[in-house]
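Since the structure comes first, as structure tokens, the remarks are kept for the end.
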Amino acid sequence: MREERALGGPAESAGSGTSGPGRVLVAVYGTFALAAGARAAVQIATRFSEAPVAYLLSALAAAVYVVATVGLARGRRGRRTALAAITVELVGVLVIGTLSLVDPAAFPDETVWSAYGRGYYFVPLVLPVLGLLLLRRSGREPAQKSPPPKSPPPKSPPP
């Protein structure tokens with residue numbers, strides 16, 4: 001049996017991806033998924049031989065953003081998925097960002113995560129931190145509980 005909710009009522013708790021800051025984060029992740037995916041598609045289709053590693057890393061970043069978007073949008077049900085994707089994203093930004101600065105020759109063209117996302121005003125570095133903070137906050141909130149069942153009316157004493 002499907003539980004109905006009031007029109008305009010919250011779908012889940014405030015820390016989920018379906019309300020408040022979660023909605024903004026889902027929108028930003030969705031935008032980055034689209035931007036990174038489009039960038040990678042154009043680079044792979046037109047100049048793949050110039051920097052295959054960089055372009056494939058941009059495609060990987062786009063895939064991670066898609067998974068994070070879906071996980072965050074699903075709220076509590078997608079929490080584990082979002083946590084895994086955002087953790088991979090943070091590690092990717094830190095590792096690729098560092099490698100791109102230490103050995104620029106290894107990255108003849110920039111990826112989404114090059115220089116910690118400098119080409120995107122460092123949003124790729126800040127985004128996973130915000131995502132992890134949101135997930136941490138939403139993990140502390142108790143799940144919404146159903147109201148307790150009504151007890152039967154008291155019995156009147158026998159005559």
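Atoms considered below: every heavy atom in the structure, side chains included; atoms not considered: hydrogens, waters and symmetry mates.
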Within the distance-only criterion (no hydrogens, no angle test), does the side chain of Arg79 pair as donor or acceptor with the backbone N or O of Leu135 below 3.5 angstrom? yes
Counting C-beta onward and ignoring hydrogens, is there a side-chain heavy-atom pair between Thr81 and Leu72 closer than 4.5 Å? no
Common cluster, Phe122/Phe107, ILVMFWY with side-chain heavy-atom separation under 4.5 Å: yes
Using side chain to side chain donor-acceptor pair (under 3.5 Å) as the criterion, list what pairs up with Ser114, not counting sequence neighbours. Thr111
Mind running side-chain contact (heavy atoms from CB on, under 4.5 Å) on Leu127 and Ile86 for me, showing each step along the way? CA-CA 9 Å; Leu127 198 56; Ile86 294 171; over 6 Å; no
Answer yes if the side chains of Tyr29 and Glu89 hold a donor-acceptor pair under 3.5 Å, and no otherwise. yes
Is there a path of hydrophobic side-chain contacts, each under 4.5 Å between heavy atoms, that joins Val67 and Val70? no
Evaluate the ring planes of Trp113 and Tyr65, with Trp represented by its six-membered ring, and classify them as parallel (under 30°), tilted (30 to 60°) or perpendicular (over 60°). perpendicular
Hey, could you give me the CD1/CG distance between Ile96 and Leu60, rounded to the nearest 0.5 Å? 8.5 Å
From Tyr120 atom OH to Glu110 atom CD, the distance as rounded to the nearest 0.5 Å: 9.5 Å
CG of Leu130 to CG of Leu25: how many Å apart, nearest 0.5 Å? 6.5 Å
State yes or no: do Val24 and Leu34 share one hydrophobic cluster built from I, L, V, M, F, W and Y residues joined by side-chain heavy-atom distances below 4.5 Å, directly or via other members? no
Are Val66 and Val64 connected into the same hydrophobic cluster when the rule is that any two of I, L, V, M, F, W, Y join if their side-chain heavy atoms are below 4.5 Å apart? no
At their closest point, which heavy atom of Val112 faces which heavy atom of Pro124, and how far apart are they? O-CG, 3.8 Å
Looking at every heavy atom in both Ala68 and Ala82, which two are closest together, and how far apart are they? O-CB, 4.4 Å
Please report, to 0.1 Å, the donor-acceptor pairs under 3.5 Å made by any side chain of residues 48-57, with sequence neighbours excluded.
| from | atom 1 | to | atom 2 | distance (Å) |
| --- | --- | --- | --- | --- |
| Tyr55 | OH | Arg47 | NE | 3.4 |
| Tyr55 | OH | Arg47 | NH2 | 3.2 |
| Tyr55 | OH | Asp109 | OD2 | 2.7 |

Here the side chain to side chain donor-acceptor pair (under 3.5 Å) pairs for residues 90-105, sequence neighbours left out, are Thr98-Tyr116
When rounded to the nearest 0.5 angstrom, what distance separates OG in Ser58 from CD in Gln43? 5.0 Å
Over all heavy atoms of both residues, which pair between Ala73 and Val26 is shortest? Give the atoms and the distance, please. N-CG2, 3.7 Å
Hphob cluster co-occupancy, Val95 + Val93, side-chain heavy atoms under 4.5 angstrom: yes
Has Arg74 got a side-chain atom pairing as donor or acceptor with Thr69's backbone, closer than 3.5 angstrom? no
